[in-house]
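Side-chain atoms are counted along with the backbone in the values below, which use heavy atoms only and exclude waters and symmetry mates.
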Amino acid sequence: MLHIEKLSDGLNLFKALGSDVRLEIVRLLVEQPMNMNELAGKLHITNGALTTHIKKLEECGVVAVSSDSGGHGNQKICQVVPDKLLINVKNALLPAENTCSVDLKVGRYSSCRVYPTCGLSTADRIIGVVDDYRYFSHPDHFDADILWFIQGYVEYQVPNFAPMYRHITQVTVSAELSSEAPGVNSQWPSDISFYINDVFVGTWTSPGDFGDVRGIFTPDWWFPNWNQYGLLKMLTVNDRGAFMDGLKISDVSIRDLDLDQKPLFNLRFAVDYKAAHVGGLTIFGKTFGNYAQDIQVSLGYVTDKASARETAPPPRQESLDEQDS
């Protein structure tokens with residue numbers, strides 16, 4: 001798989017694929033590898049023109065060319081390298097110099113209360129027994145890269161690495177999420193609620209628990225009738241309110257969250273028992289689902305000059321002896 005994490009990193013790829021001829025080359029090679037003569041014949045172009053196109057596809061990692069000495073002399077065999085192409089389109093909402101970020105592994109929650117159906121797993125194995133909530137307290141839960149439950153919550157302690165004397169202006173949470181149905185069901189709505197420092201921030205309704213195809217990063221050993229992938233969601237809270245993927249979900253603002261000058265804050269994902277749709281929650285880490293990421297939390301900040309003046313040590317005053325010297 002070819003993974004483009006930033007749009008700027010994919011410039012050569014986009015240029016290479018910005019040609020009808022090169023797209024047709026990729027289409028033909030996906031069906032089967034071909035030598036240069038066969039490919040040129042299929043495309044009705046000269047070998048010289050084909051060489052130019054193949055070179056561009058080689059440079060961006062889409063096509064590989066190898067020599068085959070079997071048959072009649074040496075032949076150059078062309079084949080497509082990646083089976084999938086993943087491009088991260090969403091960018092940070094704040095300039096990088098005004099943000100600090102932390103990745104939270106799915107299993108590194110600090111507290112939880114969950115109800116079956118439930119379970120958690122590392123990239124290699126199920127932790128304990130499925131549908132036994134006690135295993136959410138097992139020491140191995142820190143290694144979990146996927147977890148799911150029908151109702152309840154998991155809560156994370158998020159470190160605040162903003163520099164001292166800075167005022168937090170925005171918090172952004174990005175995670176791959178879905179509902180949790182018995183088996184899988186793409187039509188299984190669930191009201192997933194978000195809390196920061198025990199303040200209810202808002203709710204997003206997941207449309208279902210997706211299992212129609214295997215997730216791009218979901219391990220091969222994973223069961224085909226279990227959660228395969230989710231939707232990448234971005235929760236943002238700033239001075240204008242709380243937003244999910246840019247759409248306002250509540251009037252809770254950054255001022256309500258009490259984040260300034262605190263070393264930690266709490267982030268909770270919940271399916272409340274009084275919700276209109278109690279359809280569970282699945283959180284996917286970087287080795288499951290369609291996005292190679294854990295739970296990502298970013299803080300935007302500006303200098304809080306008033307706080308800096310109040311907490312900074314008083315200026316040093318010279319003694320009479322030092323002045324005389």
Side-chain angles (χ1 to χ4, degrees), residues 1 84 86 90 105-107 109 112-136 141 144-156 173-195 200-235 244-245 247 249 267-296:
M1 189 192 71
K84 296 183 179 70
L86 176 63
K90 290 186 178 180
K105 195 170 179 65
V106 168
Y109 46 84
C112 67
R113 178 175 292 176
V114 303
Y115 296 88
T117 55
C118 62
L120 64 172
S121 175
T122 71
D124 305 312
R125 60 183 175 82
I126 301 292
I127 296 174
V129 178
V130 171
D131 293 339
D132 187 339
Y133 66 89
R134 295 175 299 172
Y135 283 96
F136 274 70
H141 80 76
D145 231 13
I146 185 174
L147 62 80
W148 63 96
F149 55 87
I150 192 64
Q151 184 256 308
Y153 70 86
V154 287
E155 185 169 275
Y156 300 83
V173 179
S174 173
E176 185 175 356
L177 309 172
S178 79
S179 309
E180 159 51 24
V184 292
N185 189 336
S186 60
Q187 306 296 320
W188 189 267
S190 183
D191 295 337
I192 300 170
S193 297
F194 305 89
Y195 297 79
F200 170 69
V201 172
T203 296
W204 167 68
T205 301
S206 168
D209 180 1
F210 308 107
D212 53 321
V213 296
R214 182 173 294 277
I216 293 174
F217 297 100
T218 298
D220 292 338
W221 65 267
W222 191 248
F223 307 99
N225 60 334
W226 284 16
N227 330 53
Q228 294 294 324
Y229 65 91
L231 302 177
L232 188 63
K233 307 305 294 182
M234 181 175 288
L235 172 69
M244 180 61 73
D245 296 336
L247 299 177
I249 58 173
L267 169 65
R268 177 179 290 193
F269 299 80
V271 178
D272 297 324
Y273 74 96
K274 292 183 178 180
H277 304 99
V278 182
L281 167 63
T282 304
I283 308 179
F284 298 82
K286 64 173 56 177
T287 61
F288 284 85
N290 284 347
Y291 301 91
Q293 70 164 69
D294 295 318
I295 301 168
Q296 297 179 348

Sequence-distant partners of [X], ring-ring contact (aromatic ring centres under 6.0 Å, His included), two or more places apart:
X	answer
Phe223	Trp226
Phe210	Tyr229
Tyr153	none
Phe200	Tyr195

Legend entry - Contacts of type side chain to side chain donor-acceptor pair (under 3.5 Å), residue Asp132, not counting sequence neighbours: Arg134

Inset, instruction - Check side chain to side chain donor-acceptor pair (under 3.5 Å) between Ser174 and all other residues, then give those that pass, not counting sequence neighbours. - result: Gln293

Do [X] and [Y] have side-chain heavy atoms sitting under 4.5 Å apart?
X	Y	result
Asp212	Ser186	no
Glu155	Tyr109	no
Arg113	Phe136	no
Trp204	Asp245	no
Tyr273	Ile150	no

Please list, one pair per line, the donor and acceptor atoms closer than 3.5 Å that link side chains of residues 280-288 to other protein atoms, with sequence neighbours excluded.
{"unit_1": "Thr282", "atom_1": "OG1", "unit_2": "Ser179", "atom_2": "O", "d": "3.0"}
{"unit_1": "Thr282", "atom_1": "OG1", "unit_2": "Asn227", "atom_2": "ND2", "d": "2.7"}
{"unit_1": "Thr287", "atom_1": "OG1", "unit_2": "Asp145", "atom_2": "OD2", "d": "2.4"}

Inset, instruction - Answer with yes or no after comparing the ring centroid distance for Tyr115 and Tyr133 against a 6.0 Å cut-off, counting only values under it. - result: no

Spacing of [atom1] belonging to [X] relative to [atom2] belonging to [Y], to within rounding of 0.5 Å:
X	Y	atom1	atom2	result
Thr203	Phe194	OG1	CZ	8.0 Å
Ile146	Thr218	CD1	OG1	6.5 Å
Leu232	Leu177	CG	CG	8.0 Å

Inset, instruction - Name all pairs fulfilling the salt bridge (charged side-chain N to carboxylate O under 4.0 Å, His left out) condition that reach into residues 175-192, sequence neighbours left out, sorted by first residue then second. - result: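 Passing the test, one end in residues 175-192: no pairs.
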
Inset, instruction - Using the side chain to side chain contact (heavy atoms under 4.5 Å, CB included) rule, take Trp222 and Ile126 through it: C-alpha gap first, then chi angles, then the decisive distance, then the call. - result: CA-CA 9 Å; Trp222 191 248; Ile126 301 292; 3.7 Å; yes

Quick check: closest heavy atoms across [X] and [Y], and the distance to 0.1 Å?
X	Y	answer
Leu120	Tyr135	CD2-O, 3.8 Å
Val271	Gly279	CG1-N, 4.3 Å
Ser178	Ile192	O-CD1, 3.9 Å
Ala275	Val278	O-CG2, 3.6 Å
Asp209	Ala181	OD2-N, 2.9 Å

Legend entry - Qualifying residues under side-chain contact (heavy atoms from CB on, under 4.5 Å), relative to Ile249, sequence neighbours excluded: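 Testing Ile249 for side-chain contact (heavy atoms from CB on, under 4.5 Å), a comparison that skips the adjacent residues, returns Leu235, Ala242, Met244.
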
Legend entry - Counterpart residues, side-chain contact (heavy atoms from CB on, under 4.5 Å), relative to Pro182 (two or more places apart):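 Expected list: Trp188.
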
Legend entry - Asp272: salt bridge (Lys or Arg N to Asp or Glu O under 4.0 Å) partners, not counting sequence neighbours: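 Listed in chain order: nothing, the list is empty.
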
Legend entry - Listed partners of Arg125 passing salt bridge (Lys or Arg N to Asp or Glu O under 4.0 Å), at least two apart: Asp140

Inset, instruction - Would you please test Phe149 and Val154 for side chain to side chain contact (heavy atoms under 4.5 Å, CB included) and show each step? - result: CA-CA 10 Å; Phe149 55 87; Val154 287; 4.0 Å; yes

